[in-house]
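Before any comments, here is the structure.
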Amino acid sequence: MSGTSPLFQPTTLGSLSLPNRLVMAPMTRNRAAADGTPTDLMAEYYAQRSAAGLIIAEATTPNAVGQTYPNIPALHLPRHVAGWRRVTEAVAEAGGRMFVQLQHGGRIGHPANSGLRPVAPSPVTFPEPVATPDGNRPAVVPRTMSLDEIESTVADFAAAARRAVDAGFAGVEVHGANGYLIHQFLADGTNHRTDAYGGSTARRMRFAVEVVRAVAAAVGPERVGLRLSPGFPGQGMSESDTDVLYPALVEELSGLGLAYLHLVWAKPDQPLYRRLRAAWPGALIANPAQPWPGPLPADGGRREAERLLDAGADLVSLGRAFLANPDLPERLAAGAPLNPVRIEHWYGGDHTGYTDYPTLRQPALA
Ligand SMILES: Cc1cc2nc3c(=O)[nH]c(=O)nc-3n(C[C@H](O)[C@H](O)[C@H](O)COP(=O)(O)O)c2cc1C
């Protein structure tokens, strides 16, 4: 069944050789220690999923104030590097390859999580409650970032990227999607600045471009990916100029030689998606738009993944199907049934709903 599908054909990404075109999408699981240090349980979880062509490890904060939720991994202290090294070594030993996603939460955060007031391009409060160790709490008004803070935050992304490479990651994905800090700068719903970082499309793009350029200069562009979610309406986001903003941003970054562009909610028939594919000269990872929060299609998203490859994507990322199926490539190739996703264990907890999903070879693991 797998014989003819391009999903299971080897490919390359920069200097990496990938055994297939299935990428494990970044997924926050809130299993790091309270200080952001990755744990041995995380090493086990990622090693179990090392059959992915590429793993993109979950959103990881490049500095203290960027922390979103409780038990989010970090990359700003030596102990974070040491913890992540155990994860990358476990994945390499199991035959896998791994990037890590760098995410600054911006207005999505809480003093109860980071000890600090969240910062953002403008004082536009996140309209939803934020998870904290004491349960969901109302979001606080974020503090407006000064120009100095913007500069130091760009430097924090670059330093975190260096630490990621020290920790054994093959590269980093800059999180420009889903309503976090970089997206808050891009979108005019959350960016009301009147200085060099707000107003026109070009000025709202500036922070994203500076972060990507700084990270690429720090570790080499071939080790850097960027995740974007054009028009994403969740997390209180709104953009009045999606069709102008994203083509302009992609065009601006197209000459840097980045490892990849990663598009969320990718729809092969959508004109903007096709336009971005055409404008991006490098590898494109497409994350299909599947029912949210579920259930997933019975084929685990294989048909949709193949449609995206047909429409010009180089790789396809899947999230929930990898979360619940450590051996996802083998299952998709065989047309085997998938484990159902246990949503109640997504965010936080122990091994339950995390490392206890059975594989075809070890059906009794749970
Ligand atoms: C539990 C969970 C955590 C997630 N955390 C992140 C994250 O840290 N960073 C990110 O960019 N997307 C995150 N996402 C979104 C996924 O990367 C992916 O885009 C989404 O699940 C849709 O893909 P799917 O239909 O294959 O699951 C998360 C999704 C889930 C289910």
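- The nearest pair of heavy atoms linking Val124 to Pro142 is O-CG, 3.6 Å.
- Taking hydrophobic clusters as Ile, Leu, Val, Met, Phe, Trp and Tyr residues chained together by side-chain heavy-atom distances below 4.5 Å, Val224 shares a cluster with Phe207.
- Thr60 contributes atom OG1, which lies 7.5 Å from atom CD of Gln101 (distance to the nearest 0.5 angstrom).
- The line from CD of Gln235 to CG of Asn178 is 6.5 Å long, rounded to the nearest 0.5 Å.
- The shortest distance between side-chain heavy atoms of His192 and Pro123 does not fall below 4.5 Å.
- With rounding to the nearest 0.5 Å, the separation of CG in Leu16 from CE in Met98 is 13.0 Å.
- Within 6.0 Å of CZ on Arg117 lie more than 12 heavy atoms contributed by other residues, nucleotides or ligands.
- For Glu128, the CD atom sits in a packed shell: over 12 heavy atoms of surrounding residues, nucleotides or ligands are nearer than 6.0 Å.
- In this structure, Asn30 contributes its side chain and Pro70 its backbone to a donor-acceptor pair below 3.5 Å.
- Not one N or O on the side chain of Arg163 forms a donor-acceptor pair closer than 3.5 Å with the backbone of Pro78.
- No side-chain heavy atom of Ile55 sits less than 4.5 Å from a side-chain heavy atom of Phe322.
- Using a cutoff of 4.0 Å between basic side-chain nitrogens and carboxylate oxygens, Asp269 and Arg307 are scored as salt-bridged.
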With a 3.5 Å cut-off and sequence neighbours excluded, list the donor-acceptor pairs that the side chains of residues 244-256 form with protein atoms.
{"residue": "Tyr246", "atom": "OH", "partner": "His183", "partner atom": "NE2", "Å": "3.3"}
{"residue": "Tyr246", "atom": "OH", "partner": "Glu239", "partner atom": "OE2", "Å": "2.6"}
{"residue": "Ser254", "atom": "OG", "partner": "Glu251", "partner atom": "O", "Å": "2.7"}

query: Going through the checks in order, is the side-chain contact (heavy atoms from CB on, under 4.5 Å) test met by Val119 and Thr144?
result: CA-CA 6 Å; Val119 295; Thr144 302; over 6 Å; no
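- If you check the side chains of Tyr354 and Arg31, you find no donor sitting under 3.5 Å from an acceptor.
- Salt bridge absent: Arg203 and Asp188 never bring a charged side-chain N and a carboxylate O closer than 4.0 Å.
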query: Between His262 and Ser317, is a side-chain hydrogen bond (donor to acceptor under 3.5 Å, both in side chains) present by the stated rule, with each step listed?
result: CA-CA 8 Å; His262 189 176; Ser317 71; 2.8 Å; yes
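- Residues Leu116 and Leu181 are members of one and the same hydrophobic cluster, defined by side-chain heavy-atom contacts under 4.5 angstrom among Ile, Leu, Val, Met, Phe, Trp and Tyr.
- Taking CG from Leu102 and OG1 from Thr61, the interatomic distance works out to 9.0 Å, rounded to the nearest 0.5 Å.
- A distance-only check finds no donor-acceptor pair linking the side chain of Arg227 to the backbone of Ala177 [under 3.5 Å].
- A heavy-atom distance below 4.5 Å is found between the side chains of Asp356 and Arg342.
- Inter-residue side-chain proximity for Thr68 and Asn113 is flagged as unmet; no heavy-atom pair is nearer than 4.5 Å.
- Taking the six-membered ring where the residue is Trp, Trp84 and Tyr46 present tilted rings, their angle falling between 30° and 60°.
- In this structure a side-chain-to-backbone donor-acceptor pair under 3.5 Å is present from Gln67 to Tyr69.
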With a cut-off of 3.5 Å and sequence neighbours excluded, list every side-chain donor-acceptor pair involving residues 216-223.
{"residue": "Arg223", "atom": "NE", "partner": "Val219", "partner atom": "O", "Å": "3.4"}
{"residue": "Arg223", "atom": "NH1", "partner": "Ala170", "partner atom": "O", "Å": "3.4"}

Pair Phe8-Leu22, side-chain contact (heavy atoms from CB on, under 4.5 Å): steps then yes or no: CA-CA 8 Å; Phe8 309 104; Leu22 280 163; 3.9 Å; yes
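- For the pair Asn191 and Ser122, the minimum side-chain heavy-atom distance is below 4.5 Å.
- Side-chain N/O atoms of Thr37 and Asp35 include a donor and acceptor closer than 3.5 Å.
- Considering only heavy atoms from C-beta on, Pro118 stays 4.5 Å or farther from Val65 through its side chain.
- The backbone N or O of Phe99 lies less than 3.5 Å from no partner atom in the side chain of Glu173, so there is not a single donor-acceptor pair.
- Both cation-pi conditions hold for Arg206 and Tyr197: the charged atom is under 6.0 angstrom from the six-membered ring centre and inside a 45 degree cone around its axis.
- By the neighbour-count criterion of 12 heavy atoms within 6.0 Å, atom CD of Glu149 is densely surrounded, having more than that number from other residues, nucleotides or ligands.
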query: Checking side-chain contact (heavy atoms from CB on, under 4.5 Å) for the pair Arg29/Met42: CA distance, chi angles, key distance, verdict?
result: CA-CA 9 Å; Arg29 304 301 309 276; Met42 290 167 65; over 6 Å; no
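- Between His110 and Pro129 there is no side-chain heavy-atom pair separated by less than 4.5 Å.
- Looking at heavy atoms from C-beta onward, Gln290 lies in side-chain contact with Leu318 at the 4.5 angstrom threshold.
- Under the 4.5 Å side-chain heavy-atom criterion for Ile, Leu, Val, Met, Phe, Trp and Tyr, Ile182 and Val154 are members of the same hydrophobic cluster.
- We find the CG-CH2 distance between Leu263 and Trp280 to be 9.5 Å, quoted to the nearest 0.5 Å.
- Judged by distance alone, with hydrogens and angles left aside, the side-chain atoms of Asp156 form no donor-acceptor pair with the main-chain N or O of His76 at under 3.5 Å.
- Comment: Arg86 does not engage Glu89 in a salt bridge, judged by the lack of any side-chain N to carboxylate O separation of less than 4.0 angstrom.
- Arg143 places no side-chain N or O within 3.5 Å of a backbone atom of Val141 that could act as its donor or acceptor partner.
- Arg21 places no side-chain N or O within 3.5 Å of a backbone atom of Val316 that could act as its donor or acceptor partner.
- Between the CE atom of Met27 and the OH atom of Tyr45 there is a distance of 4.5 Å, given to the nearest 0.5 Å.
- There is a path of hydrophobic side-chain contacts, each under 4.5 Å, that joins Trp265 to Val174.
- Note on Leu54: it does not cluster hydrophobically with Val264, by side-chain heavy-atom contacts below 4.5 Å among ILVMFWY residues.
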